[in-house]
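Heavy atoms only: backbone and side chains are in, while hydrogens, waters and symmetry mates are out. Here the structure is a predicted model, which is why all the values come from computation and not from measurement.
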Amino acid sequence: MEAVAGGFVGASLPQLEVMRSGLRLLLNVHMDQIQPEILRPGLDEVVIEQGAVAESLLLVNQGRLAVEVNQSAAPMRTVAVVKAGDLLGEMALFGDGHHTARVRVIDTPAELLRISRDALLQAVLFDSELTAAILELSLERCRSSNRWTSLLLSAISACAESNAPALESICDQLRHGPSSISDAATLLKRLLAAVESKSC
């Protein structure tokens, strides 16, 4: 089974720690240039709003934060949990300039460094290693999302085929995911149990 850490599934915990510390070291080189603002948000405080214009990025120094997404009229779903060393809002550097998720503090004390998007763009223009480190962490987050999606689709298939052993095995992995993924595993097991009881 793949390791799970900080909401990621895929890279091992040591690999993720190397990525996080590498990014931090590279950012430290540019601290005078980027001049981050220190934030100490409280429990449940939202530090990034989904859909808001991305004018800054956040580096987590302390605490844990939930990355939450809302699609249509559905409630917010937690898709990842991030911790110290993670960068938040980096997709705004490469996308359309809007945040694609809401980020909320779930464990305090929390300390974040807010970095201006423009200041970070200036830094990455002249530091290819910093660019690579940001992309590496962002790619790992995308890979993790793809793996969770693949597991969920496999669980749905197992449920549709009334394959309880396969569903149990997949759900054991899904339970290690963010809360919305773990909740989906529980719902799929209930659905299969309801279908099986009606067919008896």
Do the side chain of [X] and the main chain of [Y] share a donor and acceptor less than 3.5 angstrom apart?
{"X": "Ser182", "Y": "Pro178", "answer": "no"}
{"X": "Ser144", "Y": "Glu140", "answer": "no"}
{"X": "Ser180", "Y": "Thr78", "answer": "yes"}
{"X": "Ser116", "Y": "Asp118", "answer": "yes"}

From [X] [atom1] over to [Y] [atom2], what is the distance, rounded to the nearest 0.5 angstrom?
{"X": "Asp86", "Y": "Leu112", "atom1": "CG", "atom2": "CG", "value": "11.0 Å"}
{"X": "Thr131", "Y": "Leu120", "atom1": "OG1", "atom2": "CG", "value": "8.5 Å"}
{"X": "Leu59", "Y": "Arg20", "atom1": "CG", "atom2": "CZ", "value": "11.0 Å"}
{"X": "Met19", "Y": "Leu87", "atom1": "CE", "atom2": "CG", "value": "13.5 Å"}
{"X": "Arg24", "Y": "Leu27", "atom1": "CZ", "atom2": "CG", "value": "7.5 Å"}
{"X": "Leu191", "Y": "Ile156", "atom1": "CG", "atom2": "CD1", "value": "10.0 Å"}

With the side chain counted from C-beta on, respond yes when [X] and [Y] share a heavy-atom pair under 4.5 Å apart, and no when they do not.
{"X": "Met31", "Y": "Leu113", "result": "yes"}
{"X": "Trp148", "Y": "Leu174", "result": "yes"}
{"X": "Leu88", "Y": "Leu57", "result": "no"}
{"X": "Ser56", "Y": "Arg117", "result": "no"}
{"X": "Met76", "Y": "Gln50", "result": "yes"}

- Using a cut-off of 6.0 Å, state whether more than 12 heavy atoms not belonging to Asn28 lie near its atom CG.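 More than 12 within 6.0 Å, yes.
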Can you name the closest pair of heavy atoms from [X] and [Y] and give their distance?
{"X": "Pro75", "Y": "Asn70", "value": "C-ND2, 3.9 Å"}
{"X": "Leu26", "Y": "Ala133", "value": "CD1-CB, 3.7 Å"}
{"X": "Ile48", "Y": "Ala101", "value": "CG2-O, 3.5 Å"}
{"X": "Ala185", "Y": "Cys171", "value": "O-SG, 3.6 Å"}

Pair up each side-chain donor or acceptor in residues 122-129 with any protein partner under 3.5 Å, not counting sequence neighbours, and list the distances.
residue, atom, partner, partner atom, Å
Asp127, OD1, Glu129, N, 3.1
Asp127, OD1, Leu130, N, 3.0
Asp127, OD2, His30, NE2, 2.6

- Query: In terms of side-chain geometry, is the basic nitrogen of Asp172 or Arg175 positioned less than 4.0 Å from the acidic oxygen of its partner?
  - Reply: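 A salt bridge is present here (some side-chain N lies under 4.0 Å from a carboxylate O).
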- Inspect the contact between Glu68 and Arg102 and indicate whether a charged nitrogen and a carboxylate oxygen are less than 4.0 angstrom apart.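 Counted as a salt bridge, because a side-chain N and a carboxylate O are separated by less than 4.0 Å.
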- Message: Do Val79 and Leu139 sit in one hydrophobic cluster, given that two such residues count as connected whenever their side-chain heavy atoms are within less than 4.5 Å of each other, even indirectly?
- Response: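 Shared cluster, no.
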Identify every side-chain donor-acceptor pair in residues 158-170 under 3.5 Å, counting partners at least two apart or on other chains, and give the distances.
residue, atom, partner, partner atom, Å
Asn163, OD1, Ala166, N, 3.1
Glu168, OE1, Lys189, NZ, 2.3
Glu168, OE2, Lys189, NZ, 3.3

- Message: Does Arg147 form a side-chain contact (heavy atoms from CB on, under 4.5 Å) with Leu151? I'd like the steps, not just the answer.
- Response: CA-CA 6 Å; Arg147 290 182 192 103; Leu151 280 170; 5.6 Å; no
- Task: Verify side-chain contact (heavy atoms from CB on, under 4.5 Å) between Leu65 and Val47, making sure each step is shown before the conclusion.
- Result: CA-CA 9 Å; Leu65 298 96; Val47 294; 3.8 Å; yes
Please list every donor-acceptor pair under 3.5 Å in which a side-chain atom of residues 34-46 meets a protein atom from a residue at least two apart or in another chain.
residue, atom, partner, partner atom, Å
Glu37, OE1, Arg114, NE, 3.2
Glu37, OE1, Arg114, NH2, 3.1
Glu37, OE2, Arg114, NH2, 3.4
Arg40, NE, Glu111, OE1, 3.2
Arg40, NH2, Glu111, OE1, 3.0
Asp44, OD1, Arg104, NH1, 2.7
Glu45, OE1, Gly42, N, 2.9

